[in-house]
Amino acid sequence: MAAPRWAILQRHLLATQLDAATAFHDRYFNARHEIQAFLRWGANDGPDDAIEAINDWPYLYLAGADDRLLTLARAVQEAHFAQYSRARTTDVPMGRNGMYVRDFPPQMDWQHISEGLTTFNLLGLCEPTDAKLIARARRFADFYTGRDPKAPNYDTKLHLIRSMFNGSIGPLMRPATMLDWAGDPFDTRPFEMVHGETSYQETLEHYRDYTETVGDNPLNLHSTALGFNAWMLTGEDRFRDWMLGYVDAWAGRARANGGIMPSNIGPDGTIGGGAGGKWYGGTYGWGFSPVSPVTGKREDRNRMPRAIMGFMNAYLATGNDDYLQVWRDQNARINAASRKIDGVLCAPTMHGDQGWYSFRPGPYRLNTGEIWYLTMRESDRAAMAPTPWTDFLGGQAPDWPEQALLADIARVQTQMARVREDRTTAQTRLADNPIERNPASVTALLHQTMGAIHVARPPWSPNSPNQGGTLMFARVRPFDADRRRPGLPQDVALLVEKLEADSTTLSVVNLNPAYSRHLILRGGGYGEHRIEATWIGDRRMSAGSRDISIRLAPGAGTRIVLEMQRYSQKPTLDRPVWQS
């Protein structure tokens, strides 16, 4: 096969990432791999932001980037646990014994806990036999299963997490204060305040309305990623059972609330019980539109769409469509409340004391992209807005592979220019400052090499809110059989060209003119898809396994169609059998 331009660009993008990540690391981390910044507690610039600086580095390794990138990411993650375990608050009660306790936030909300787990939740895919990782995964998950007496977050009878603020020391059973959210007082003048505040008082005022936190909150569903990871890394089915039981409880609450996920559950299990009986109440809920101290205006901060991650995790474990039907039903209820405004049909995005509000043109489509990706149903595809990637998969945008790779290559260059131009120092830098300069560029690589969605960067599609701490949602996953590691073999490029409910079409090419390469393809991110057969031209070869082995001669390539039975296998992190 003549080397396709997309293949050359793909390998170039993979190759540039190590140098970019290394230079980024050397700018913002010290020789012990600790972030160099003014360490604070808080939702604006707290521990989660420090580790978010290396978001997507494991994805690069899983696509085939250099081993040293994973080594660097693991070193930063380990140093992060230690650095924030030593850091202390003065005024904020839950941080006085460490901003991390037992390597985990002592008490915080799951928007921010989840963001801080973005790297951790992918490490099992990279190093599934790491003993320290396995021990942490078990410990973290048991903060939420009811087994850890020091962290009584979970009510095993009512199947709820007792508070929106929770963690390694248990739930916060009082309303959260502005201080709990904003962190200790500090002089903001030397710092780049990325959220727009110009003083500590404004930082504090940002959280004036963030007090309804007692009882369960849908964002707590992100904790199910800990259950899934612990299940994968330990093999203990009890973690899966806890995860499914918790998601089932929320599905029942949605049904009991007329098809809409309530945004607060009281500690006694009643819908709206922690928000004055209002099902739409609670911090980050359907009716959460606090006043911004920067603009003086109300801003809609409904984070309900992020809760779909718990249902996606349950679907990944089971393939049970009932979990996604909860979200289809909710979208239908919201769209039923649409109204014409200035002649344009608009759907609501918020609900308060006066009913639905904050109407926006077009149908309500949040989370429809994830639903279609998981099911591959035509009806789900029709519900979402198209993207350049989905147009390509549908045969309508043949130039997308090259264009997307060129855009990500340009992004690496732009990000590194921003790093070089940055004049902040460790004394004038907050932990959230480096995040937006991270050069890791993985969206095109995930789409192309794995047929995967990139849920962690806003947005992989216009229908998807930004999510932190997600699992891997992929159609296939490549392994290098020669080096016995995840990712594409050296010199090999792969392009997923078509996704259907029962098949995957891809092209694969070995760019090396002298040496053969041995690629193993796994069905799904966790081997959840069974590959029934492969087609090369008109030749069909039976497979009947989650893995297939492909040997590529020097300079060789082909198009392959995989017949698949999706979500038919028990997910696993077991490595492939390397010998063909």
Side-chain angles (χ1 to χ4, degrees), residues 212 216-219 221 247-265 270-273 275-289 298-312 314-315 320-387 390 455 459-467:
E212 288 185 335
D216 209 350
N217 183 289
L219 285 174
L221 280 159
V247 177
D248 288 343
W250 273 104
R253 293 161 190 162
R255 289 191 294 269
N257 195 48
I260 302 287
M261 284 273 290
S263 51
N264 173 270
I265 303 296
T270 58
I271 292 174
K278 299 175 181 179
W279 65 264
Y280 48 86
T283 300
Y284 288 142
W286 288 107
F288 192 62
S289 298
R298 291 199 174 274
E299 295 181 355
D300 296 339
R301 295 183 192 150
N302 173 10
R303 299 292 187 264
M304 289 296 298
R306 297 189 182 208
I308 197 174
M309 292 313 305
F311 290 79
M312 292 175 68
Y315 187 88
N320 185 347
D321 190 69
D322 289 348
Y323 290 116
L324 301 182
Q325 190 60 42
V326 172
W327 291 85
R328 294 192 196 95
D329 291 345
Q330 177 172 277
N331 285 2
R333 280 290 312 277
I334 295 170
N335 280 316
S338 297
R339 64 177 65 156
K340 280 193 174 183
I341 300 176
D342 297 328
V344 177
L345 191 64
C346 299
T349 58
M350 307 289 293
H351 191 289
D353 292 345
Q354 306 304 315
W356 293 105
Y357 68 98
S358 196
F359 285 79
R360 298 181 184 178
Y364 184 87
R365 281 176 159 162
L366 287 175
N367 302 131
T368 52
E370 288 93 337
I371 294 171
W372 165 78
Y373 177 81
L374 293 173
T375 69
M376 291 284 122
R377 290 184 181 180
E378 185 54 38
S379 57
D380 291 331
R381 175 66 182 84
M384 64 174 283
T387 72
T390 59
V455 192
W460 79 268
S461 89
N463 315 296
S464 306
N466 180 30
Q467 309 281 352

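Positions are given from 1, in the same order as the sequence printed here. Below, all heavy atoms of this structure are taken into account, side chains as well, without hydrogens, waters or symmetry copies.
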Q | Any Ile271 side-chain heavy atom under 4.5 Å of Ile265 side chain | A | yes
Q: Kindly assign one of parallel, tilted or perpendicular to the pair Tyr323 and Phe311, based on the angle between their ring planes and the thresholds 30° and 60°.
A: perpendicular
Q: For residues Asp300 and Arg360, determine if any side-chain heavy atom of one lies less than 4.5 Å from a side-chain heavy atom of the other.
A: yes
Q. For the residue pair Ala382 and Arg365, what are the closest heavy atoms and their distance?
A. O-NH2, 4.5 Å
Q. Is Asp353 salt-bridged to Lys278, going by a charged N under 4.0 Å from an acidic O?
A. yes
Q. Would you find a donor on one side and an acceptor on the other, under 3.5 Å apart, between the side chain of Asn302 and the backbone of Met304?
A. yes
Q | Separation between OG of Ser289 and OH of Tyr357, rounded to the nearest 0.5 Å | A | 2.5 Å
(Q) What verdict does the salt bridge (Lys or Arg N to Asp or Glu O under 4.0 Å) test give for Arg328 and Asp380, after you've listed the backbone C-alpha separation in whole Å, the side-chain angles of each residue and the deciding distance to 0.1 Å? (A) CA-CA 9 Å; Arg328 294 192 196 95; Asp380 291 331; 2.9 Å; yes
Q. Side chain of Thr349, backbone of Phe359: donor and acceptor closer than 3.5 Å?
A. no
Q. Parallel, tilted or perpendicular for Trp356 and Trp286, by the 30°/60° rule?
A. perpendicular
Q: Look at the side chain of Ser358 and the backbone N and O of Pro348, then say whether any donor-acceptor pair between them is shorter than 3.5 Å.
A: no
**Q.** Between CZ on residue Arg377 and CG on residue Leu324, distance to nearest 0.5 Å
**A.** 8.0 Å
Q) Are any non-hydrogen side-chain atoms of Gln330 and Asn367 less than 4.5 angstrom apart? A) no
